[in-house]
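Structure, as structure tokens:
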Amino acid sequence: MIYLKTPEEIETMRSATTLVSQTLGEVARWIQPGVTTRKLDTIAREFIMDNGGKSACLGYGGFPATLCIEVNEIVVHGFPSDRILMDGDIVGIDTVVEKDGFMGDSCYTFPVGEISPEKMSLLRTTKESLYVGIEAAKPGARIGDIANAVQTYCERRGYSVVREMCGHGIGRKMHESPEVPNYGRRGIGAKLQNGMCICIEPMINMGSRNIVIESDGWTCRTKDRKPSAHYEHTLVILNDRTEIMTTFDYIEEVLQDRFI
């Protein structure tokens with residue numbers, strides 16, 4: 001069942017979507033060669049708490065951290081660790097913040113130092129496909145319209161789309177109906193209507209779309225170990241228009257001319 005939010009609930013939810021955006025901006029300050037992913041997780045957890053929020057990921061289904069860390073071939077749900085980021089890596093930072101009873105969810109994939117042109121192209125295409133999907137998310141459109149837009153954009157550029165993981169509805173819970181895949185046919189799925197809050201999050205691979213779940217039960221990586229990229233926004237259908245509730249502006253303020 002799809003839970004349609006009232007205008008008052010949507011206003012309350014803005015606190016969470018703003019804080020998750022600010023959290024990614026804070027983490028962006030520390031992403032560089034030599035930093036451990038555990039350090040990034042500590043920074044995020046403390047920032048969220050200091051600003052009146054709660055990490056929704058920490059403890060969710062047994063997940064042990066505030067951030068999902070996605071280095072190179074990790075698609076989603078990687079654990080923070082003592083792994084040191086190296087020049088040339090890419091790292092996706094995905095997290096969910098709870099504040100005032102609602103959730104905000106966002107992800108951004110960062111270059112670490114100087115990355116190869118091939119990785120840069122993957123990042124640019126994946127981020128562009130997020131906005132292609134958002135453009136398709138018009139009131140009255142179907143979930144399949146979003147899915148097809150992302151898939152078509154990425155596959156025409158030679159990349160593959162992860163099929164086992166997808167976007168989702170969001171609100172008082174991290175994951176609500178409907179699911180929002182990144183592949184599919186136009187004209188199918190739930191119709192977008194006022195009060196719907198969803199997350200669109202393309203997960204795009206440089207090589208094969210096939211994935212493997214590691215023995216920890218969480219970490220998802222590409223089967224061929226080629227790089228994967230991941231970007232995500234929370235958005236709402238409100239007053240017959242689509243609004244992006246999260247923002248990458250805080251990241252851009254930090255990265256400036258390095259912002260992809």
Side-chain angles (χ1 to χ4, degrees), residues 2 20 24 37 56-58 60-80 90-96 103-110 122-123 125-134 136-137 143-155 157 159-171 173-185 188-190 197-235 246:
I2 296 173
V20 76
L24 291 184
T37 57
C57 295
L58 183 61
Y60 178 82
F63 191 78
T66 293
L67 300 180
C68 298
I69 302 285
E70 305 157 2
V71 181
N72 296 330
E73 74 273 14
I74 304 302
V75 179
V76 286
H77 305 155
F79 293 176
I90 58 174
V91 57
I93 305 293
D94 185 12
T95 195
V96 185
M103 305 287 178
D105 192 355
S106 189
C107 179
Y108 195 92
T109 303
F110 297 86
L122 172 66
L123 265 55
T125 298
T126 306
K127 185 179 176 184
E128 288 165 1
S129 77
L130 168 61
Y131 290 99
V132 168
I134 292 170
I143 292 295
D145 300 335
I146 302 170
N148 184 262
V150 172
Q151 179 183 14
T152 300
Y153 189 84
C154 293
E155 289 184 348
R157 287 156 179 78
Y159 300 106
S160 63
V161 179
V162 174
R163 302 199 175 199
E164 294 83 354
M165 307 293 176
C166 63
H168 50 88
I170 189 170
K173 296 181 179 179
M174 183 190 307
H175 296 123
E176 297 182 355
S177 295
E179 291 189 343
V180 185
N182 295 303
Y183 74 99
R185 291 189 295 113
I188 65 171
C197 295
I198 61 172
C199 293
I200 299 177
E201 49 178 320
M203 289 155 274
I204 307 301
N205 297 346
M206 187 179 291
S208 164
R209 69 175 178 85
N210 296 320
I211 62 168
V212 172
I213 306 298
E214 300 284 22
S215 59
D216 60 25
W218 283 96
T219 304
C220 169
R221 66 165 173 83
T222 57
K223 187 174 182 179
D224 59 13
R225 296 192 179 274
K226 291 186 178 180
S228 183
H230 180 196
Y231 292 84
E232 178 179 13
H233 272 314
T234 298
L235 56 147
T246 46

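Keep in mind it's a predicted model, so treat the numbers as computed, not measured.
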Problem - Test log, rule side-chain contact (heavy atoms from CB on, under 4.5 Å), inputs Leu123 and Tyr231 - result: CA-CA 9 Å; Leu123 265 55; Tyr231 292 84; 3.3 Å; yes
Exercise for the section: Determine, stepwise, if the pair Glu164 / Cys220 fulfils side-chain contact (heavy atoms from CB on, under 4.5 Å). Expected result: CA-CA 10 Å; Glu164 294 83 354; Cys220 169; over 6 Å; no
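In this structure a side-chain-to-backbone donor-acceptor pair under 3.5 Å is present from Thr109 to His230. The backbone N or O of Gly207 sits less than 3.5 Å from a side-chain atom of Ser160, completing a donor-acceptor pair. No donor-acceptor pair under 3.5 Å is formed between the side chain of Thr125 and the backbone N or O of Cys154. Proximity of a side-chain donor or acceptor of Asn182 to a complementary backbone N or O of Ala147 within less than 3.5 Å is not detected. Proximity of a side-chain donor or acceptor of Ser129 to a complementary backbone N or O of Val150 within less than 3.5 Å is not detected.
A 4.5 Å side-chain heavy-atom check between Glu70 and Val75 finds every atom pair outside the cut-off. Between Ile74 and Ile69, every side-chain heavy-atom pair lies at or beyond the 4.5 Å cut-off. At a threshold of 4.5 Å between non-hydrogen side-chain atoms, the residues Val161 and Pro202 do not count as touching. Side-chain contact check for Ser177 versus Ile2: some heavy-atom pair is nearer than 4.5 Å. Residues His175 and Met103 have side chains not in contact (no heavy-atom distance under 4.5 Å, counting atoms from C-beta outward). Taking 4.5 Å as the limit, every side-chain heavy atom of Leu67 sits out of range of all side-chain heavy atoms of Cys57. Counting heavy atoms from C-beta on, the side chains of Glu201 and Asp94 come closer than 4.5 Å.
A distance of 7.5 Å separates CG of Leu235 from SG of Cys199, quoted to the nearest 0.5 Å. Between Glu232 atom CD and Asp105 atom CG the span is 3.5 Å, to the nearest 0.5 Å. Considering CD1 of Ile213 and CH2 of Trp218, their distance stands at 10.5 Å, rounded to 0.5 Å. With rounding to the nearest 0.5 Å, the separation of CG in Leu130 from CD1 in Ile134 is 4.0 Å. Atom CE of Met206 and atom OG1 of Thr126 lie 9.0 Å apart (nearest 0.5 Å). Distance check: Ile170 CD1 to Thr234 OG1 gives 4.5 Å after rounding to the nearest 0.5 Å.
The aromatic rings of Phe63 and His77 sit perpendicular, their planes meeting at an angle over 60°, well past the 30° parallel limit.
Around atom CD of Glu179, no more than 12 heavy atoms belonging to other residues, nucleotides or ligands sit under 6.0 Å away.
Not counting sequence neighbours, the partners of Lys223 by the side chain to side chain contact (heavy atoms under 4.5 Å, CB included) test are Asn210, Val212.
Looking at every heavy atom in both residues, Ala136 comes nearest to Asp145 through CB-O, 3.7 Å. Considering all non-hydrogen atoms of both residues, Ser228 and Ile90 come closest at O-CD1, 3.6 Å. Nearest approach of Leu24 to Ser106, heavy atoms of both residues: CD1-OG, 3.6 Å. Here the closest heavy-atom approach between residue Thr37 and residue Phe79 is recorded as OG1-O, 4.4 Å.
Between Arg221 and Glu73, none of the side-chain N atoms (NZ, or NE/NH1/NH2) sits under 4.0 Å from a carboxylate O, so this pair counts as no salt bridge.
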